[in-house]
**Student:** 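Here it is: the structure, laid out below.
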Amino acid sequence: MRKFFYICSFFVAIVALCSCGNKDKGIYPFNEEAKYLTVKLQGSDKWSIINIDNGDIIAKNAISGDPSAVHEDMFYVYDNETARFNYYNIEDCSKPVNSKPYCSATSFNGGYAIACLPGEDLQVIDKSCTTVKKLPPSINYASMFLNERALIKDDMGFNGFIDTKGDTVIAPHLGLANAFLFDDAALVSESQIADTTTISNLVVIDRNGKKLFDFDSEKYIPVGRYFINGTLQVMLAKDKSVVYLNKKGAETTDTLSVPKKIAEMNYRDIKYVGKGRYMIIKGDRMGLVDDNNATLIKAEYNYITNITPNRFVVAQDSVMMIVDEKGRQVGNAKFVDFRDSNSYEEVAGRGYINTSKAAMTILQLFDKDAVFNVRKGATLMEINQVVGLQPENYVGATDLSGPLPPFIITYHFDREIASLKTSAPGANDSIPAVADNGNSAQFNYDARVRGVTLQYPVRECAPATEEEILQIVSQQMGKKGFAMNGDGTFTSDDGCAVVMGHEKGVFLMNYYFDSSQIKPIPRKSRSN
């Protein structure tokens with residue numbers, strides 16, 4: 001369940017999304033305004049769909065599994081048991097539109113989505129789940145469509161773009177690439193190194209790959225990832241002041257400005273949500289004001305997010321409901337979870353991988369006394385994994401997870417990695433750090449790593465894929481300084497240990513710095 005009693009981090013780095021001309025242009029990433037909300041009603045284990053306009057429940061407790069948000073009357077459901085996706089139309093939530101389940105899928109936008117059948121190449125599909133076009137075998141991943149373009153990544157790690165017909169518009173050659181999220185311009189890197197973490201050779205291109213201007217990385221540092229209403233937020237390298245560039249690369253007016261009456265209130269954070277309305281954080285509560293700072297929704301909620309410019313989800317003590325722009329409840333439904341209709345970071349993966357290459361990549365990540373360059377006794381401070389994280393979200397937690405594509409890495413610590421401080425934050429703190437009881441939090445940087453878990457999701461592949469990876473890695477463990485024990489675990493003379501297994505289409509590996517802590521991992525094969 002989402003932790004809605006925290007002040008959420010989505011405000012950070014988004015000062016406001018507004019424009020002096022057309023304020024509402026480029027606020028929402030989808031072509032259509034959301035009409036339905038996928039929710040989990042209070043007291044239910046299943047999911048329902050609510051009409052956002054009037055609050056009516058149109059499909060009560062009709063969805064098992066993990067559903068997406070509804071877009072263009074379509075949504076998908078992920079089945080945790082089979083690790084497969086099925087698409088549904090809201091007109092019939094009981095029968096999938098597709099005839100065969102997909103192993104990966106994205107939401108629809110502009111009438112099209114990206115999906116993949118097990119063991120096959122990625123494909124563009126329409127709302128009848130008919131294949132529009134299969135993508136080349138070299139394409140490993142593809143994002144959902146945004147501004148009629150999907151970001152693709154090839155086997156070499158380079159990025160490009162396709163259109164809704166599945167045709168390649170920009171061939172994969174970009175080291176880094178940002179989607180055409182709110183605008184038809186994007187900041188990309190023409191670096192010859194794929195997936196580079198060093199920002200180099202930055203240029204701005206349009207949706208067809210035409211270069212609009214060379215980004216002067218010696219003069220400017222990117223602050224925002226996306227063009228919003230025709231401008232990109234950057235920082236001057238010489239004095240760290242924030243300026244804005246238009247699509248010609250010239251400095252321009254601040255299109256993300258906040259009205260003076262709101263800015264002078266020193267709210268913790270502000271986000272423009274359309275039609276002259278702003279969500280604000282005041283103290284440890286959230287509310288809504290208009291461009292004259294007149295209160296529309298009192299700042300009394302633990303959480304608010306916008307579904308449309310006129311509809312909001314608010315939460316109090318983890319119980320949520322839909323309200324209008326004046327804070328009046330829409331319908332009678334109360335729920336404990338929902339799927340954000342503005343979420344856009346969806347990616348579909350190809351239906352197969354090179355298992356030998358995957359196994360060799362895993363083997364490169366550890367040795368007999370270290371994993372991911374972390375050695376026995378390393379602390380939270382030393383592994384430097386908390387940059388950009390808010391400590392209040394980790395109070396009491398002993399694990400810290402994060403993506404290391406295509407893997408998910410979890411660090412396990414010998415104590416909680418964050419705890420509450422005794423004093424509350426000041427009223428003008430720039431970044432919220434408030435836990436549910438009103439106290440602020442801090443990281444425990446001396447917490448020591450006791451082990452690491454690697455997860456490699458291969459649900460999009462054939463059922464034998466994860467076991468094949470496990471066998472290849474096992475055969476090479478001797479070269480890494482590990483000896484096999486009778487129970488299939490591996491230990492080194494440095495006292496470290498490795499255990500492998502798989503479940504629900506995920507290859508799992510636990511690395512222990514103390515072999516006495518070994519716990520078995522199941523090997524559960526999939527049936528499809």
Side-chain angles (χ1 to χ4, degrees), residues 4-28 182 223-224 228-229 231 233-235 240-244 252-317 320-321 323-329 342 388 390-393 421 423-441:
F4 286 117
F5 41 82
Y6 296 129
I7 296 295
C8 297
S9 61
F10 73 93
F11 272 29
V12 178
I14 302 180
V15 180
L17 301 179
C18 66
S19 167
C20 296
N22 183 356
K23 287 188 175 182
D24 292 342
K25 181 182 178 182
I27 300 301
Y28 299 91
F182 299 114
V223 175
I228 303 172
N229 294 344
T231 63
Q233 188 179 27
V234 299
M235 183 184 297
K240 309 304 181 186
S241 60
V242 174
V243 297
Y244 300 82
T252 186
T253 55
D254 180 1
T255 60
L256 304 183
S257 63
V258 176
K260 182 179 180 181
K261 288 185 178 180
I262 298 177
E264 64 188 10
M265 296 301 296
N266 291 320
Y267 291 123
R268 285 180 136 189
D269 268 305
I270 305 164
K271 180 187 176 185
Y272 182 67
V273 295
K275 297 187 177 180
R277 297 161 185 156
Y278 298 81
M279 287 195 298
I280 54 95
I281 296 179
K282 183 179 181 181
D284 61 352
R285 292 293 181 266
M286 298 175 68
L288 186 74
V289 299
D290 66 16
D291 50 14
N292 287 313
N293 196 43
T295 298
L296 299 175
I297 300 177
K298 291 182 179 180
E300 59 185 12
Y301 292 101
N302 301 116
Y303 176 83
I304 296 179
T305 191
N306 52 302
I307 311 170
T308 71
N310 297 314
R311 293 291 183 267
F312 303 83
V313 169
V314 299
Q316 196 71 274
D317 299 324
M320 290 165 271
M321 61 183 179
V323 300
D324 64 15
E325 71 280 7
K326 295 185 179 180
R328 298 171 299 199
Q329 185 174 0
N342 294 314
Q390 293 183 293
E392 74 278 6
N393 290 343
K421 295 164 62 177
S423 60
N428 294 321
D429 286 355
S430 60
I431 298 179
V434 180
D436 56 321
N437 62 2
N439 292 328
S440 57

**Student:** For E300, check side chain to side chain contact (heavy atoms under 4.5 Å, CB included) against everything at least two apart and list the hits.
**Tutor:**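 Per chain and number, E300 pairs via side chain to side chain contact (heavy atoms under 4.5 Å, CB included) with K298.
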
**Student:** Just how far is it from atom CG of N292 to atom CD1 of I262, taken to the nearest 0.5 Å?
**Tutor:**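 Between atom CG of N292 and atom CD1 of I262 there are 8.0 Å.
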
**Student:** Roughly how far apart are K282 NZ and I270 CD1, rounded to 0.5 Å?
**Tutor:** 12.5 Å

**Student:** If we only count heavy atoms from C-beta on, is the V313 to I304 side-chain gap below 4.5 Å?
**Tutor:** no

**Student:** I'd like to check the side chain to side chain contact (heavy atoms under 4.5 Å, CB included) partners of K260; sequence neighbours left out, ordered by chain and number.
**Tutor:**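 Result, side chain to side chain contact (heavy atoms under 4.5 Å, CB included) vs K260: E264.
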
**Student:** Tell me which one of V289, N293, D291 satisfies side-chain contact (heavy atoms from CB on, under 4.5 Å) with K261.
**Tutor:**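 By the side-chain contact (heavy atoms from CB on, under 4.5 Å) criterion, K261 pairs with just one of V289, N293, D291: N293.
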
**Student:** Please walk me through it: do L288 and V273 pass side chain to side chain contact (heavy atoms under 4.5 Å, CB included)?
**Tutor:** CA-CA 9 Å; L288 186 74; V273 295; 4.0 Å; yes

**Student:** Look up atom CD in Q316 and atom OH in Y303, then write down how far apart they are to the nearest 0.5 Å.
**Tutor:**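 Spacing of CD (Q316) from OH (Y303) equals 14.0 Å.
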
**Student:** Given the rule in the side chain to side chain contact (heavy atoms under 4.5 Å, CB included) test, do R285 and N302 qualify, once you have shown the distances and angles that lead to the verdict?
**Tutor:** CA-CA 5 Å; R285 292 293 181 266; N302 301 116; 3.3 Å; yes

**Student:** For D290, check salt bridge (Lys or Arg N to Asp or Glu O under 4.0 Å) against everything at least two apart and list the hits.
**Tutor:**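 For D290 there are no salt bridge (Lys or Arg N to Asp or Glu O under 4.0 Å) partners, ignoring immediate neighbours.
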
**Student:** Quick check: do V323 and F312 have side-chain heavy atoms less than 4.5 Å from each other?
**Tutor:** yes

**Student:** Return the minimal non-hydrogen interatomic distance between F182 and I228, and the atom names on each side.
**Tutor:**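 Taking F182 first and I228 second, the nearest heavy atoms are CD1-CG1, 3.7 Å.
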
**Student:** Side chains of V314 and M321, heavy atoms from C-beta outward: is any pair under 4.5 Å?
**Tutor:** yes

**Student:** Determine whether I280 and M286 satisfy the following criterion, side chain to side chain contact (heavy atoms under 4.5 Å, CB included), listing intermediate values before the conclusion.
**Tutor:** CA-CA 6 Å; I280 54 95; M286 298 175 68; over 6 Å; no

**Student:** Do N310 and D324 have side chains that approach each other closer than 4.5 Å (heavy atoms only, starting at C-beta)?
**Tutor:**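 They are not in contact (no side-chain heavy atoms under 4.5 Å apart), so the answer is no.
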
**Student:** Partners of R277 by salt bridge (Lys or Arg N to Asp or Glu O under 4.0 Å), sequence neighbours excluded?
**Tutor:**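 With sequence neighbours excluded, R277 shows a salt bridge (Lys or Arg N to Asp or Glu O under 4.0 Å) to no residue whatsoever.
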
**Student:** Kindly indicate, with the supporting measurements, whether the criterion side chain to side chain contact (heavy atoms under 4.5 Å, CB included) is fulfilled by Y278 and K271.
**Tutor:** CA-CA 5 Å; Y278 298 81; K271 180 187 176 185; over 6 Å; no

**Student:** Is there a side-chain contact between Y244 and V234 in this structure, where contact means two heavy atoms from C-beta onward sitting under 4.5 Å apart?
**Tutor:**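 They are not in contact (no side-chain heavy atoms under 4.5 Å apart), so the answer is no.
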
**Student:** Can you tell if the side chain of N306 reaches within under 4.5 Å of the side chain of R311, non-hydrogen atoms only?
**Tutor:** no

